[in-house]
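The figures that follow rest on heavy atoms only: side chains count, while hydrogens, waters and symmetry mates do not. Chain identifiers are assigned alphabetically (A, B, ...) following the order of the sequence lines, protein sequences preceding nucleic acid strands; residue numbering begins at 1 within each chain. From a predicted model like this one, the values you see are computed outputs, not experimental measurements.
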Protein chains: 2
Amino acid sequence: MTVTLADVAARARVSPATVSRVLNGNYPVAASTRERVLRAVDDLDYVLNGPASSLAAATSDLVGILVNDIADPFFGIMAGAAQTQIGGPGDGSGRAGGEKLAVICNTGGSPERELTYLTLLQRQRAAAVVLTGGAVENPAHQAAMAAKLAKLADAGTRIVFCGRPPLPEGDALVAALAFDNRGGGRRLTEHLISLGHRRIGYVAGPPERTTTRHRLEGHREALRAAGLDAAPDGGAEAGSDSGAEAGGGAAGSGDQDRLTVHGPYDRRSGYEATLELLRRAPDVTAIVAANDTVALGACAAVRDQGMRIPQDISVAGFDDLPFSVDAVPALTTVRLPLFEAGARAGRLAMGKENPPPGGIATIAAELMIRGSTAAPRG
Amino acid sequence: MTVTLADVAARARVSPATVSRVLNGNYPVAASTRERVLRAVDDLDYVLNGPASSLAAATSDLVGILVNDIADPFFGIMAGAAQTQIGGPGDGSGRAGGEKLAVICNTGGSPERELTYLTLLQRQRAAAVVLTGGAVENPAHQAAMAAKLAKLADAGTRIVFCGRPPLPEGDALVAALAFDNRGGGRRLTEHLISLGHRRIGYVAGPPERTTTRHRLEGHREALRAAGLDAAPDGGAEAGSDSGAEAGGGAAGSGDQDRLTVHGPYDRRSGYEATLELLRRAPDVTAIVAANDTVALGACAAVRDQGMRIPQDISVAGFDDLPFSVDAVPALTTVRLPLFEAGARAGRLAMGKENPPPGGIATIAAELMIRGSTAAPRG
DNA sequence: CTGTTAGCGCATTCAG
DNA sequence: CTGAATGCGCTAACAG
């Protein structure tokens with residue numbers, strides 16, 4: 001019923017081995033023979049059997065791209081960019097040549113699912129795996145990840161991190177593209193301070209995430225450098241509506257804890273966390289959000305409280321997603337070159353580009369000053 | 001070096017077949033035996049060889065989800081939702097049980113890449129394929145797609161459409177979830193007309209796309225019903241900056257053509273097409289955009305021209321993406337239940353849900369009236 | 001309920 | 001440059 005390589009061989013009057021050779025193109029074959037074989041392939045409408053091929057070759061043409069939340073353009077942009085480098089432009093025939101199958105796996109931010117997908121990819125003998133976005137900083141999970149990745153690398157799977165710092169015990173087997181979240185966070189807060197803000201609220205992402213921690217650390221570095229981390233009062237711990245907890249970051253003084261609310265990286269969380277923040281500290285003049293999506297929620301909350309942006313309160317985001325420039329007022333944020341980073345990760349996964357020296361490259365984050373931040377009143 | 005099923009069998013003192021049976025769980029096995037096997041699996045840290053398994057079983061656990069643009073939340077939400085139904089929640093062990101590998105393939109809206117991905121999926125003997133979003137209405141491509149899908153279905157791959165109408169010559173082999181784009185478009189324009197608008201511009205998506213055509217048809221239906229499709233002048237054909245062409249829709253009168261500008265489904269296109277529209281017809285009092293992303297660009301253009309929304313011009317979108325409610329003013333749009341549709345498509349792909357009667361279900365679109373539309377001045 | 005036996009379709013040694 | 005033979009690791013009949 002289904003046409004096999006042998007059928008093609010018969011029709012082209014060559015051996016199966018020869019057909020295999022022209023299809024894989026990594027072996028000398030006479031031009032005339034190749035011609036004949038390709039014609040037979042088209043005539044018969046032959047499609048290679050991937051599993052059989054992978055079984056024999058002990059490797060597949062699958063490349064996995066893990067993301068935390070594919071509904072978030074932050075990940076969509078990186079994943080899409082990576083795919084452009086992996087899937088190949090196609091030859092316009094739809095016949096599928098040597099290109100790999102770049103597939104996106106949505107972990108939903110769950111450590112378990114992350115591990116499960118890695119196992120699934122290991123099972124498929126994936127050629128490479130790209131891990132995007134922040135990692136969960138849980139010792140048990142980190143150990144499990146390290147073990148799993150080691151096994152994958154061992155089986156010949158190339159490992160690339162994109163927008164994620166390398167594992168603490170990370171070996172040189174992986175290439176890592178890390179965003180300068182700390183530097184970006186610092187410069188953003190420095191900008192607010194230079195504008196004259198002294199009480200700055202922070203709507204952070206979920207705890208136990210590298211991205212969350214680094215951005216928050218940058219924020220606090222800036223505060224400390226400006227001498228704004230003193231604790232006028234001994235603010236008590238408190239949780240936001242979304243079940244988050246006050247930041248327990250290394251640098252947090254009591255007051256800073258009070259000015260920090262954690263929550264998921266989504267709009268709703270930004271909204272609720274901001275209300276909580278305004279309740280706790282009605283005198284904040286600026287709010288820094290974990291990312292642009294959260295910032296949008298923060299803006300809505302600020303407005304619903306009857307305050308104007310930036311006249312009454314400045315709001316800033318992070319990432320510079322496409323919609324951020326269209327917010328009203330346009331969002332001050334930190335631009336991350338998501339597309340470029342994703343594309344580079346894709347190339348690294350394909351072995352089309354050499355890993356950075358030391359295996360890790362830091363991607364610069366650029367401050368984008370726009371209308372949502374201004375000097376405080378008075 | 002790499003541990004195989006036979007190794008597990010030896011350690012568990014059973015036959016390879018038995019191990020296979022407990023792993024696949026679709027065959028009776030004594031509890032004690034299963035226990036022993038599972039322990040051996042864990043002890044040996046065994047991971048099934050996917051290709052070998054797929055080869056022997058003549059089917060894989062891969063499910064492909066095709067999207068036009070994964071950086072667009074419209075697709076991200078559907079794809080993510082589908083994956084929740086396919087990937088399985090995991091058993092918390094990261095061991096990967098019977099779950100499928102749901103993978104997202106980003107076609108970038110290119111017909112060639114769509115076909116290529118389908119071939120790649122066919123090569124992998126995918127268990128199912130979910131095609132999301134609008135289709136390209138090009139006869140040659142449609143024929144190629146029909147042929148390819150027929151072959152896939154023939155090989156046992158389940159085909160599901162999500163947010164895309166079934167192919168003209170579509171057989172009953174596929175289940176289709178189609179959005180009511182036409183009805184949504186009609187109600188949206190009816191809403192504007194009821195507000196008193198008479199000159200309504202339309203920033204359409206790319207031509208040759210079902211989604212584009214259906215939404216535009218709905219728009220024109222509403223105009224016609226209100227007697228607004230007359231052609232006061234014989235507007236000449238004209239293209240937008242983004243290389244788009246004036247709508248050649250079936251119902252387009254000369255004037256309507258002049259009030260319609262096509263372009264890609266992105267923010268920039270919305271911006272430029274709107275400028276073009278305002279140049280062509282400075283007297284429009286409302287602009288309907290192909291989707292929310294385009295609407296955001298339209299809003300920016302309107303503002304950059306010194307006009308206010310909705311006082312000077314009303315703007316409406318389509319899809320009701322998460323950010324739309326946060327636009328200022330909040331965007332009037334048509335809500336599509338993207339998550340629910342994606343999840344249902346995922347279930348259909350898994351065979352966990354029965355196909356709708358006739359194989360095709362229409363998903364209702366709900367008008368969301370918000371601040372960006374109001375009665376025209378005067 | 002469990003073991004035995006055959007391939008699944010292809011990539012690769014080796015010869016020629 | 002090409003053909004013949006071998007086995008990748010697993011599942012699916014069959015028996016028992």
What's touching nucleotides 4-9 of chain D from the protein side, N or O pairs under 3.5 Å?
none

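When the side-chain contact (heavy atoms from CB on, under 4.5 Å) test is applied to A:T59, the partners found at least two apart in sequence or on another chain are A:A57. Applying the side-chain contact (heavy atoms from CB on, under 4.5 Å) test to A:S53 and every residue at least two apart in sequence or in another chain returns A:L48. Applying the side-chain contact (heavy atoms from CB on, under 4.5 Å) test to B:A58 and every residue at least two apart in sequence or in another chain returns nothing. Every residue meeting the side-chain contact (heavy atoms from CB on, under 4.5 Å) condition with B:N49, not counting sequence neighbours, appears here in chain and number order: A:L55, A:R125, B:P51, B:A52.
Identified under the salt bridge (Lys or Arg N to Asp or Glu O under 4.0 Å) test for residues 14-40 of chain A, with sequence neighbours left out: none.
At whole-Å resolution of the value, CG in B:L23 and P in D:dA12 are 12 Å apart.
Chain B approaches DNA chain C over the interval C:dC1 to C:dG9, counting the first and last nucleotide 5' to 3' with an atom under 4.0 Å from its heavy atoms.
One finds a side-chain N or O of A:T33 lying less than 4.0 angstrom from the OP1 or OP2 phosphate oxygen of D:dT2.
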Side-chain donor/acceptor pairs under 3.5 Å, residues 6-13 of chain A, sequence neighbours excluded:
from, atom 1, to, atom 2, distance (Å)
A:D7, OD2, A:T4, N, 2.8
A:R11, NH1, A:D43, OD2, 2.9

For residues 343-350 of chain A, run the donor-acceptor check on the side chains, cut-off 3.5 Å, and write out each pair with its distance to 0.1 Å, sequence neighbours left out.
from, atom 1, to, atom 2, distance (Å)
A:R344, NE, A:E353, OE2, 2.9
A:R347, NE, A:Q85, OE1, 3.4
A:R347, NH1, A:E353, OE1, 2.4

TODO: Would you sort out whether B:D61 and A:Q124 count as a side-chain hydrogen bond (donor to acceptor under 3.5 Å, both in side chains), showing the intermediate values?
DONE: CA-CA 10 Å; B:D61 54 3; A:Q124 301 293 338; 2.9 Å; yes

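Here B:V19 lies out of heavy-atom contact (under 4.0 Å) with every strand.
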